[in-house]
**Q** 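One structure, as structure tokens, below. Some questions next.
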Amino acid sequence: GNSVTQMEGPVTLSEEAFLTINCTYTATGYPSLFWYVQYPGEGLQLLLKATKADDKGSNKGFEATYRKETTSFHLEKGSVQVSDSAVYFCALNRPGGSQGNLIFGKGTKLSVKP
Amino acid sequence: EAGVVQSPRYKIIEKKQPVAFWCNPISGHNTLYWYLQNLGQGPELLIRYENEEAVDDSQLPKDRFSAERLKGVDSTLKIQPAELGDSAVYLCASSLDGDTGELFFGEGSRLTVL
């Protein structure tokens, strides 16, 4: 079945450090891939997405590239800020009919220290 | 524009008691989801509505859980009777298109069953 595997957290970085959060997936067909973020005390919100192989999603300095050959969608940011502290969820979606729902990874908690 | 609104934010009940959660989606969003999030896990879909119709309820434990979305707007999720293992966060989300994976989440209702 479809599934998402994320690197386990928590991840603790100093401000301005480089961030990578690994995400790999298993899916039939060609899913869309997403990163959602949950800031403290808030609901999940879409950070970025990619709908086909080699697409790069980007938002707020974060990037992720849909790699079909390695079934990966790793999240990266060149210089993190304290305000990036949150839980990050990788997810996939298979469009069409009743399969149009999200399958999430377990989440990776990021803490950025000043 | 108002986001997805859920209530109550927190609920503590004794086991075997009933509980209900309410969700008001973003105006104009036809697709509504209820997700369950256990501690340290990613959200898992319970039920998905397209307007008034439940198009995917395969993961809803129907012996004790029920949901409704009257008039295709607000939705209620009920548990009766609650069990200790039901302690979790219940998330409501909505989207314009049920197949894109771009969901807007509420802040969630945290249930504690004693």
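Throughout, protein chains are lettered first and strands after them, A, B, ... in sequence-line order, and every chain is numbered starting at 1.
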**Q** Looking at chain B, which one of Leu44(A), Leu46(A), Val4(A) has the largest number of heavy-atom pairs inside 4.5 Å, strictly under?
**A**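 If we count pairs closer than 4.5 Å to chain B, Leu44(A) comes out on top.
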**Q** Are there over 12 heavy-atom neighbours, none belonging to Tyr39(A), within less than 6.0 Å of that residue's OH?
**A**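 Correct, the count exceeds 12.
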**Q** Go through Gln6(B), Glu44(B), Gln37(B) and name the one with the most non-hydrogen pairs under 4.5 angstrom from chain A.
**A** Gln37(B)
**Q** Go through the steps to decide whether Glu50(B) and Thr31(B) satisfy the test side-chain hydrogen bond (donor to acceptor under 3.5 Å, both in side chains), and finish with yes or no.
**A** CA-CA 5 Å; Glu50(B) 295 287 351; Thr31(B) 308; 2.8 Å; yes
**Q** Just checking Lys62(B): does its NZ atom have more than 12 heavy atoms from other residues, nucleotides or ligands closer to it than 6.0 angstrom?
**A**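 It does: Lys62(B) NZ has more than 12 such atoms within range.
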**Q** Between Trp22(B) and Ser75(B), is any side-chain donor less than 3.5 angstrom from a side-chain acceptor?
**A** no
**Q** Parallel, tilted or perpendicular, judged at 30° and 60°: which one describes the rings of Phe73(A) and Tyr66(A)?
**A** perpendicular
**Q** Go through the steps for Phe62(A) and Tyr88(A) under the test ring-ring contact (aromatic ring centres under 6.0 Å, His included), then give the verdict.
**A** CA-CA 11 Å; Phe62(A) 290 89; Tyr88(A) 293 82; 5.6 Å; yes
**Q** With a 4.5 angstrom heavy-atom cut-off, is it the side chain or the backbone of Gln38(A) that approaches chain B, or both, or neither?
**A**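 Side chain of Gln38(A) only, per the 4.5 Å heavy-atom cut-off to chain B.
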**Q** Check this for me: Leu84(B), atom CG, are more than 12 non-hydrogen atoms of other residues, nucleotides or ligands nearer than 6.0 Å?
**A** yes
**Q** With a 4.5 Å heavy-atom cut-off (strictly below), which parts of residues 104-114 of chain A touch chain B? List them by number.
**A** Phe104(A), Gly105(A), Lys106(A)
